[in-house]
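All ligand and atom numbering here is 1-based and tracks the order in the structure.
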Amino acid sequence: MAGYDWLLSFIEDEAIDCDLSRCGRFRGALQPSHFKPLAEQAESFAQKLDYPVSIIDKSQQHTEVGSELYHGGVVYQKDASLNPAKLLKGLIERCQAAGVTLVDQAEVTHIKDNSAGFRLTINSYSLQASTLLIATNGYTTSVTQELKRRVLPIRSSMIATEPLPEALINSISPRKRTHGGTDRLVFYYRTSPDGQRLLFGGRALSYHDKPQEYYSFLKQNMHSLFPQLEQAKIANAWSGLVAYSFDHIPHLGKQNGMYYAMGYCGSGVARANYLGHKIALQMIGKNGDTGFDHFDFPSKALYFGNPWFMPAILRWHSFADKWGL
Ligand SMILES: Cc1cc2nc3c(=O)[nH]c(=O)nc-3n(C[C@H](O)[C@H](O)[C@H](O)COP(=O)(O)OP(=O)(O)OC[C@H]3O[C@@H](n4cnc5c(N)ncnc54)[C@H](O)[C@@H]3O)c2cc1C
C-alpha cells in the first residue's frame, strides 16, 4: 500500500501522462461459497488498512459488471489503472532529462567480480561497473543463477477487442473499473482508456510465447464471462513473463555484492517502481528501508530455474476453476 501511494504521488509530481485513472476495482465471487470470505476479507482491509471497500450483492452486481457468472463481489475503491507502456515512456524521458545514459538491446552475458566492482560482458563489449542492480524479474537468466533459482517465471497474456458498440461496453463495465474474480488463474480485464475496447488478460498455460494458444484460451474465458462478446473481433494479443517467488512476496537486497529487486508475483507495476526506488536509495547509502528487507529469498531443493512443472500446475488450477474446486 505504501508502494501504491508512492507510485501515484510520483506520477502526479512528475506529471507523467499514462492514463492514470483512480477507477476502483470490482472483484467477483466465482462460486457462491467465495462470496462470504471475500466480503469478510475486504471488510478487514477497510478496518485495519484504511482501504475503503463496498460489498456488492448478486442482485446489485449489474451496476458493476455485465456478467451472470459472479455471485456478488466487492469493490476496492482506491484501486487505479494506468497504461504501463506510457508510464515506462515517462520514466525514460525523466531519466534522460536527468542525464542518465540508457542502453537497450544490451544483454549482459557474463558478470565477474573484481576489486573495482564488476566486469560485465555485453555482446562483444565489456564494461566496468562499481555498483550493480539486477532487476530482471521474470527474465532472470543463469547469468545470475542464484537469483534465477529463486523466481518462477510465469507467462501472462492479454487480448484487446476491436472497438465495441458503446451500449455493449457500458453494459460490461458500467463504471469503467478494473475487474477480476476469485479464480485461481487470475483473469483480469478493463476497458481501454478511450473506453471503446475490452482488454482481457490472464495467465498463459505455457511458459513459451505461443500466441495461438493463449489467444484461444483467453477468448474462451472471455466468452464464458461475457457470452455477449461472441461476435467481437480480437484486434491484438500479447504476452510477457512475470515472476513469482516461493513465498509469494517480492524480494530486494544484496547477494554476492550485487543488489537485486524482483519477484513481484504478477503485480509489478506499483511494486517494481516502489522497490526500485527504495533499492536505489540503498545503493547510494540513503535510507531505503522497506517492509521486505529482512526476509530470506527462498528457493527449493532441486529447482535450478527451469519451471518445467508450471504448465501442469497451471492446468490443474484451470481445471479447479472450471469445476469450482
Ligand atoms: C500481460 C501482462 C499483464 C500484466 N498486468 C499487470 C497488472 O495488471 N498489474 C501489475 O501490477 N503488474 C502486471 N504485470 C506485471 C508487470 O508488468 C511486471 O511485474 C513488471 O513489468 C516488472 O518490472 P521489472 O522492471 O521488474 O521487470 P521487467 O519489466 O520484466 O523487465 C526486466 C528486464 O530485464 C531485462 N534482462 C533480463 N536479463 C538481462 C540480461 N542478462 N542483460 C540485460 N537485460 C536483461 C529484460 O530484457 C527486461 O527488459 C503484467 C505483466 C504482463 C506480461
Who gets closest to [atom] by heavy atom: [options]?
| atom | options | value |
| --- | --- | --- |
| atom 51 (C) of ligand 1 | Leu241, Thr121, Leu7, Val242 | Val242 |
| atom 7 (C) of ligand 1 | Gly266, Ala106, Gly268 | Gly266 |
| atom 3 (C) of ligand 1 | Tyr188, Trp238, Tyr264, Tyr189 | Tyr188 |
| atom 22 (C) of ligand 1 | Ile122, Leu82, Asn137 | Asn137 |

By number and element, which atoms of ligand 1 are closer than 4.0 Å to a non-hydrogen atom of [X]?
| X | result |
| --- | --- |
| Ser267 | 10 (C), 11 (O), 12 (N) |
| Val269 | 9 (N), 10 (C), 11 (O), 12 (N) |
| Ala272 | 23 (O), 26 (O) |
| Met158 | 1 (C) |
| Gly240 | 53 (C) |

Among protein heavy atoms, which sits nearest to atom 46 (C) of ligand 1, and what does the distance come to when rounded to 0.1 Å?
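Going atom by atom, the protein heavy atom closest to atom 46 (C) of ligand 1 ends up being Tyr139 CB, 4.0 Å.
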Tell me the protein heavy atom at minimum distance from atom 38 (N) of ligand 1, and give that distance in Å.
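For this ligand atom, the closest protein heavy atom is Thr136 CG2, 3.3 Å.
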When you look for heavy atoms under 4.0 Å from ligand 1, do you find them on the side chain of Ser156, its backbone, both, or neither?
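Both the backbone and the side chain of Ser156 come within reach of ligand 1.
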Once you restrict to heavy atoms under 4.0 Å, what part of Ala135 touches ligand 1? Side chain, backbone, both or neither.
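Ala135 to ligand 1: backbone contact only, side chain stays beyond 4.0 Å.
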Kindly indicate whether [atom] is approached by any protein heavy atom to under 4.0 angstrom.
| atom | result |
| --- | --- |
| atom 49 (O) of ligand 1 | no |
| atom 17 (O) of ligand 1 | no |
| atom 12 (N) of ligand 1 | yes |
| atom 36 (N) of ligand 1 | yes |
| atom 41 (N) of ligand 1 | yes |

Is there a heavy atom in Gly201 that sits closer than 4.0 Å to ligand 1?
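Checking ligand 1 against Gly201, which is what was asked, there is no heavy-atom contact under 4.0 Å.
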Please confirm whether Met262 approaches ligand 1 to less than 4.0 Å, judged on its heavy atoms.
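It does not, in that no heavy atom of Met262 comes within the 4.0 Å cut-off of ligand 1.
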Assess the residue pair Leu198 and Ile172 against the criterion (side chain to side chain contact (heavy atoms under 4.5 Å, CB included)); give the C-alpha distance rounded to whole Å, side-chain angles, the decisive distance to 0.1 Å, and a yes or no.
CA-CA 9 Å; Leu198 190 71; Ile172 286 172; 4.2 Å; yes
Please test Tyr4 against Asp79 for side chain to side chain donor-acceptor pair (under 3.5 Å), starting from the C-alpha separation and ending with a verdict.
CA-CA 9 Å; Tyr4 175 83; Asp79 278 29; 5.0 Å; no
For Gln196, does its backbone N or O pair with a side-chain atom of Asp194 as donor and acceptor, under 3.5 Å?
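Yes: the side chain of Asp194 pairs with the backbone of Gln196.
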Modelled atom types, side-chain donor and acceptor of Ser171 and Gln228, under 3.5 Å
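No pair is found: no donor N or O on one side chain lies under 3.5 Å from an acceptor on the other.
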Decide whether Ser59 and Asp57 meet the rule of one side-chain donor and one side-chain acceptor closer than 3.5 Å.
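No, no side-chain donor-acceptor pair sits under 3.5 Å.
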Ring center gap for [X] and [Y] short of 6.0 angstrom:
| X | Y | value |
| --- | --- | --- |
| Tyr76 | Phe26 | no |
| Tyr303 | Phe246 | yes |
| Phe35 | His71 | no |
| Tyr260 | Phe297 | yes |

If we only count N/O pairs under 3.5 Å, is Val108 in contact with ligand 1?
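Yes, Val108 has an N/O under 3.5 Å of an N/O on ligand 1.
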Within-4.5 Å side-chain heavy-atom neighbours: [X] and [Y]:
| X | Y | result |
| --- | --- | --- |
| Tyr139 | Met262 | no |
| His277 | Phe10 | no |
| Lys89 | Cys18 | no |

Let me know which of Val186, Leu314, Ile313 forms a side-chain contact (heavy atoms from CB on, under 4.5 Å) with Ile154.
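The passing option is Leu314.
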